[in-house]
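This report concerns only the one structure given below.
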Amino acid sequence: TKCEIGDSLEEFLTKSTTDKGLISLMISMGEALRTIAFKVRTASCGGTACVNSFGDEQLAVDLLANKLLFEALQYSHVCKYACSEEVPELQDMGGPADGGFSVAFDPLDGSSIVDTNFTVGTIFGVWPGDKLTGVTGADQVAAAMGIFGPRTTYVLALKDIPGTHEFLLLDEGKWQHVKDTTSIGEGKMFSPGNLRATTDNPEYAKLIDYYVREKYTLRYTGGMVPDVNQIIVKEKGIFTNVASPSAKAKLRLLFEVAPLGFLIEKAGGFSSDGERSVLDKVIKNLDERTQVAYGSKNEIIRFEETLYGSSRLK
Ligand code: P6P
């Protein structure tokens, strides 16, 4: 039967896929997101709890989210390996490789803006079996983000069905299906990240200059989850985070860019590292970084033409 607005998460998932393991995983992760949403409102985000192996400072609320997500994956009984941006090696979750999944997640993206009370989020990607390297973002069977703002939402896409689907956390703690996005249209809204790169990347400066001259609406919070979510909800816009010799690529392919690329492309949008869809990039190692743009087809064509003179989409 057809998925409908108003369905519960369980109703939506059972209408969308026959993979009971995937259903169990997406529900378990939904429970973790519910708890993180509650905790992020009050957990301490003062001093740094410790420094992770990538050398990034970690905030207490980051660690809490990290722990809850690993527990949810163990509880699902269908996860073979899990890997967190904060713990950069595969953790055995006890589930089967055959018929099971491996999950990469960023437990709390934008944790450096929790103290300013900006919206932050969890990002995760689900791959079949026991591999998180040597695979591409296109190999994902699902991807999702939890968004902790004035409203708490769970935005997900499944390989088996079209579209990207938004669930709202209701007072009684239930996720309710509230929106589907299947196309991203044209609209003058831009989210420009890593402007440091314009110093020695003249093409990026030229692109930003174009948005300014064309009077695009600037929408940038410094949190990739809400900044990319707005393209899906508003069904328009362009998000960029470009690198340069002096400002290396910052965003992580496995934990952030591939899962969000899956959500954007299932929503009918496009993604690019300048030359190809981010879903076509083979994930060579857990900490691989990449530049990225997400947006409508014409915005991604403009991005590729401005940066590299031509676009594969034309
Ligand atoms: P910049 C947050 O730390 C993050 O990883 C993304 O959420 C965000 O889009 C980006 O970094 C912000 O980068 O260079 O604009 O500060």
Side-chain angles (χ1 to χ4, degrees), residues 33 36 40 45 48-49 51-63 65-66 83-88 104-125 143-149 153 155 189-201 204-205 207-208 211-212 216 218-233 237-264 269 271-274 278 286-295 299 303:
L33 296 178
I36 296 169
V40 77
C45 57
T48 52
V51 174
N52 68 9
S53 343
F54 293 124
D56 298 335
E57 288 185 340
Q58 271 192 309
L59 299 174
V61 66
D62 238 1
L63 290 172
N66 198 55
C83 189
S84 157
E85 184 179 298
E86 308 304 344
V87 183
F105 62 86
D106 179 357
L108 206 67
D109 185 78
S111 51
S112 59
I113 54 173
V114 173
D115 56 354
T116 56
N117 203 15
F118 278 19
T119 293
V120 290
T122 296
I123 305 169
F124 68 88
M145 49 186 177
I147 311 177
F148 314 122
T153 55
V155 175
M189 181 174 79
F190 76 127
S191 301
N194 200 18
L195 293 186
R196 297 172 293 282
T198 55
T199 312
D200 52 359
N201 183 336
Y204 192 28
L207 186 67
I208 301 292
Y211 297 138
V212 171
Y216 273 50
L218 172 63
R219 288 282 181 277
Y220 191 75
T221 73
M224 191 173 186
V225 166
D227 291 348
V228 172
N229 182 57
Q230 79 178 326
I231 296 174
I232 296 168
V233 171
I238 172 105
F239 171 95
T240 58
N241 196 299
V242 170
S244 76
S246 68
K248 297 266 167 283
K250 169 178 187 181
L251 301 177
R252 290 175 170 90
L253 178 56
L254 174 62
F255 302 105
E256 296 165 326
V257 172
L260 293 184
F262 190 83
L263 291 172
I264 281 280
S271 76
S272 175
D273 69 352
V278 297
L286 298 176
D287 188 33
E288 186 171 352
R289 316 290 175 115
T290 178
Q291 62 181 21
V292 63
Y294 300 119
E299 291 298 352
F303 174 77

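Sequential numbering from 1 along the given sequence is applied to the chain's residues. Each ligand, and each atom within it, is numbered from 1 in the order the structure gives.
Distances between N or O atoms of Lys250 and those of ligand 1 include at least one value under 3.5 Å. Looking at Gly193 next to ligand 1, no N or O pair under 3.5 Å apart turns up.
Residue contacts with ligand 1 include Leu251, since one or more of its heavy atoms lies under 4.0 Å from the ligand.
In summary, the atoms of ligand 1 found under 4.0 Å from a heavy atom of Glu256, numbered by their order in the structure, are 5 (O). Within ligand 1, the atoms closer than 4.0 Å to a non-hydrogen atom of Asn241 are 13 (O), numbered from 1 in the order shown. Contact atoms of ligand 1 toward Asp109: 5 (O), 6 (C), 7 (O) (distance under 4.0 Å to a heavy atom of the residue). Each of the atoms 1 (P), 9 (O), 12 (C), 13 (O), 15 (O) of ligand 1 lies under 4.0 Å from some heavy atom of Tyr220. Those atoms of ligand 1 with a heavy atom of Arg196 less than 4.0 angstrom away are 1 (P), 14 (O).
Atom CD of Glu85 is separated from atom CG of Leu254 by 9.5 Å, given to the nearest 0.5 angstrom.
In terms of heavy-atom proximity, Tyr294 sits nearest to Glu256 at OH-O, 4.1 Å. Of all non-hydrogen atoms in Ile123 and Pro259, the two that sit nearest each other are CG2-CB, 3.6 Å.
Checked against side chain to side chain contact (heavy atoms under 4.5 Å, CB included), Ala249 has the following partners two or more places apart in sequence or in another chain: Ala243, Arg289. Partners of Pro192 by side chain to side chain contact (heavy atoms under 4.5 Å, CB included), not counting sequence neighbours, listed by chain and number: Phe190, Leu195, Tyr204, Ile208, Leu218, Tyr220, Thr240.
Closest protein heavy atom to atom 2 (C) of ligand 1: Gly222 O, 3.7 Å.
Under the 3.5 Å distance criterion, the side-chain polar atoms of Gln230 are matched with a main-chain donor or acceptor of Arg219.
In the model, Thr290 has no side-chain atom that pairs as donor or acceptor with a side-chain atom of Asp273 under 3.5 Å.
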